[in-house]
Amino acid sequence: MPELPDVEGFRRVAEQATGRQVREVRVHDAQVLRGIGADAFQRALRRRYFAEPRRHGKWLLIATAAAANASPAPPTLLLHFGMTGNLQWCAHRDELHRHDRLVFDFAAGELRYRDMRKLTGIHLAREQDEVDDLLAELGPDAQEVGADEFAERLTRTRRRLKPALMDQSVLAGLGNICADEILWRARIDPNRSTADLVAADLDRLHREMRAMLREAVRVGRVPDGASWLTGHRDEPDRRCPRCSSALRRMRIGGRSTLWCPTCQPA
C-alpha cells in the first residue's frame, strides 16, 4: 500500500506537469472518480494549467490555474492511491497499460493515474472549503510534525502503539511498513500501550520517524536494503538485520506486524 514516501515519489512524477496546460483528459474508467462524472471532470480540467503539486500524508493535491478569460475559478485535484495506485509520466507513444484509468494529456507527455484495485481515487474540489472538508479528519503530516505535538497526539488516548501510529487522524502518512520500521529502529514493542510511553520513548520515536522518513522520501519508497527491517519481510528465514535474532510476525490492529523480540522486548 502506498505510504508517505511512495506518495512523495508520485508528487515528483506529477511535478513534470507543473506549468503545463491540459490538452485533453481521457477517462478510461470512471470508477476512479469520486463525486463527479467523467464528462464534468473532463470539462472542468481541459485547458487548465497544473500548479506545483503538494502532499499531505497519503494525499496528493494539484491546484490548477485557469487559461486566459476562463471561468469559473479553477479546481483542485486530490488524489489518493489506496492499495495499488500510482502515477506515471509517459510519452505519447507509450502503450496504454490495462490499469491506466485516467490520462492527462500535455504537449510534452502524459500523466497517467494507474490503479489495479480502484479502492480510492480522484476528487475534484471547486472551492477551498471542499479541500478542507476532504482533509478535515487528517492529523499533521508525519514528516512535518514537531516533537511536542507528536507526543501529545500519540498519547492522548490509551491504545496499542502500532495502531496509534497508523491512525491517519493522529498522524497523516504512516502505514504498515513505515510503522514497523520506525518501531524497530526505536527498539519499542509494537504491542506496547501509548499510556506506558515515557518522554525518552517519545523523543526516540519521533527522532527515528523523522530519520526514517527522510531516507525513504529521498528514494520515493521505503527501502528494502539489507540494513532495513523492510528488506527482510518476505524472507523464508526472517532474521533481524541488527542482531540476527529470528523475527516474529503477528497481527496487530488487523495488520501483519513484523518485529524483533530481542531488539524490541515486551
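The hydrophobic cluster containing V13 does not contain V217, counting ILVMFWY residues as joined when their side-chain heavy atoms lie under 4.5 angstrom apart, directly or transitively. By the rule that hydrophobic residues join a cluster once side-chain heavy atoms approach within less than 4.5 Å of another member, I122 and L61 end up as members of separate clusters. Note: the hydrophobic cluster containing L202 also contains V170 (ILVMFWY, side chain heavy atoms under 4.5 Å, direct or indirect links). A single hydrophobic cluster is seen to contain both L111 and V27, as judged by linkage of ILVMFWY side chains at heavy-atom distances under 4.5 Å, directly or through other members. Linking Ile, Leu, Val, Met, Phe, Trp and Tyr residues whenever their side-chain heavy atoms come within less than 4.5 Å leaves L134 and V7 in two separate clusters.
The minimum heavy-atom distance between R112 and H92, with the atom names listed, is NH2-O, 4.5 Å. For the residue pair T64 and P74, the shortest heavy atom distance occurs at O-CB, 3.1 Å. When all heavy atoms are compared, the tightest approach of A17 to W89 is CB-CZ3, 4.0 Å. Residues F81 and P2 approach most closely at CB-CG, 3.9 Å, considering heavy atoms. Contact between D189 and P265 at its shortest, heavy atoms only, is CB-O, 3.6 Å. Between H232 and P241, the shortest heavy-atom distance links the atoms NE2-CB, 3.5 Å.
At distances below 3.5 Å, not a single donor-acceptor pair connects side-chain atoms of D203 with backbone N or O atoms of A200. Side chain of Q168 to backbone of L174: a donor-acceptor contact under 3.5 angstrom is found. At distances below 3.5 Å, at least one donor-acceptor pair connects side-chain atoms of D201 with backbone N or O atoms of V198. Using modelled atom types, one side-chain atom of R48 and one backbone atom of A44 make a donor-acceptor pair closer than 3.5 Å. Without hydrogens or angle criteria, T194 side chain to R160 main chain gives no donor-acceptor distance under 3.5 Å. Looking only at distances, a side-chain donor or acceptor of Q264 sits under 3.5 Å from a matching main-chain atom of I188. Looking only at distances, a side-chain donor or acceptor of Q42 sits under 3.5 Å from a matching main-chain atom of V25. Between the side chain of D180 and the backbone N or O of L258 there is at least one donor-acceptor pair closer than 3.5 Å. Distance alone, capped at 3.5 Å, places no donor-acceptor pair between the T155 side chain and the R153 backbone. Side chain of R255 to backbone of N176: no donor-acceptor contact under 3.5 angstrom is found.
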Checking L205 against F150 for the side-chain contact (heavy atoms from CB on, under 4.5 Å) test, could you report, in this order, the C-alpha distance in whole Å, the side-chain angles of both residues, the deciding distance, and whether it holds?
CA-CA 9 Å; L205 273 169; F150 172 83; 3.9 Å; yes
Is there a salt bridge (Lys or Arg N to Asp or Glu O under 4.0 Å) between D237 and R239 once you walk through the steps?
CA-CA 6 Å; D237 181 25; R239 294 279 168 178; 3.4 Å; yes
Apply side-chain contact (heavy atoms from CB on, under 4.5 Å) to residues I62 and T76 and explain how you reach the verdict.
CA-CA 6 Å; I62 306 176; T76 297; 5.9 Å; no
Apply the test side-chain contact (heavy atoms from CB on, under 4.5 Å) to residues D234 and D224: give CA-CA distance (whole Å), side-chain angles for both, the deciding distance (0.1 Å), then the verdict.
CA-CA 10 Å; D234 299 323; D224 57 1; over 6 Å; no
What verdict does the side-chain contact (heavy atoms from CB on, under 4.5 Å) test give for K58 and H80, after you've listed the backbone C-alpha separation in whole Å, the side-chain angles of each residue and the deciding distance to 0.1 Å?
CA-CA 7 Å; K58 301 178 185 181; H80 196 283; 3.9 Å; yes
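Under the 6.0 Å distance and 45° angle rule, R185 counts as a cation-pi partner of W228. R242 forms a cation-pi arrangement with W184, by the criterion of a distance under 6.0 Å to the ring centre and an angle within 45° of the ring axis.
The CD1 atom of I177 sits 8.5 Å away from atom CG of L229, with the distance rounded to the nearest 0.5 Å. For the atom pair NE2 (H97) and SG (C90), the distance works out to 10.0 Å, reported to the nearest 0.5 Å. Interatomic distance, CD of E144 versus CG of L213, reported as 10.0 Å (0.5 Å rounding). The CZ atom of R117 sits 8.5 Å away from the CE atom of M1 when rounded to the nearest 0.5 Å. With rounding to the nearest 0.5 angstrom, the CZ atom of R238 is 12.5 Å from the SG atom of C260.
If you run salt bridge (charged side-chain N to carboxylate O under 4.0 Å, His left out) between R114 and each of D100, D29, D94, only D100 comes through. Checked against Q143 for a side chain to side chain donor-acceptor pair (under 3.5 Å), the options R214, R210, R55, H56 give a single hit: R55. Screening I252, L183, D196 for a side chain to side chain contact (heavy atoms under 4.5 Å, CB included) with L161, the sole residue that qualifies is L183.
Two rings, from W59 and H123, have their centers less than 6.0 Å apart.
Ring planes of F41 and F104: tilted class, angle from 30 to 60°. Between F106 and F50, the ring planes lie perpendicular to each other; the angle is over 60°, past the 30° to 60° tilted range.
In this structure, R26 pairs ionically with E24, as a charged nitrogen and a carboxylate oxygen lie closer than 4.0 Å. Salt bridge status for D167 with R159: present, with a side-chain N to carboxylate O gap under 4.0 Å. Taking a cutoff of 4.0 Å between a charged side-chain nitrogen and a carboxylate oxygen, R156 and E152 qualify as a salt bridge. Comment: D105 engages R23 in a salt bridge, judged by a side-chain N to carboxylate O separation of less than 4.0 angstrom. A salt bridge links R11 to E15: at least one charged side-chain nitrogen sits closer than 4.0 Å to a carboxylate oxygen.
Side-chain atoms of T230 and E181 form a donor-acceptor pair, as typed in the model, at a separation below 3.5 Å. R249 and S256 are linked by a side-chain donor-acceptor pair at a separation below 3.5 angstrom, with hydrogens and angles left out of the test.
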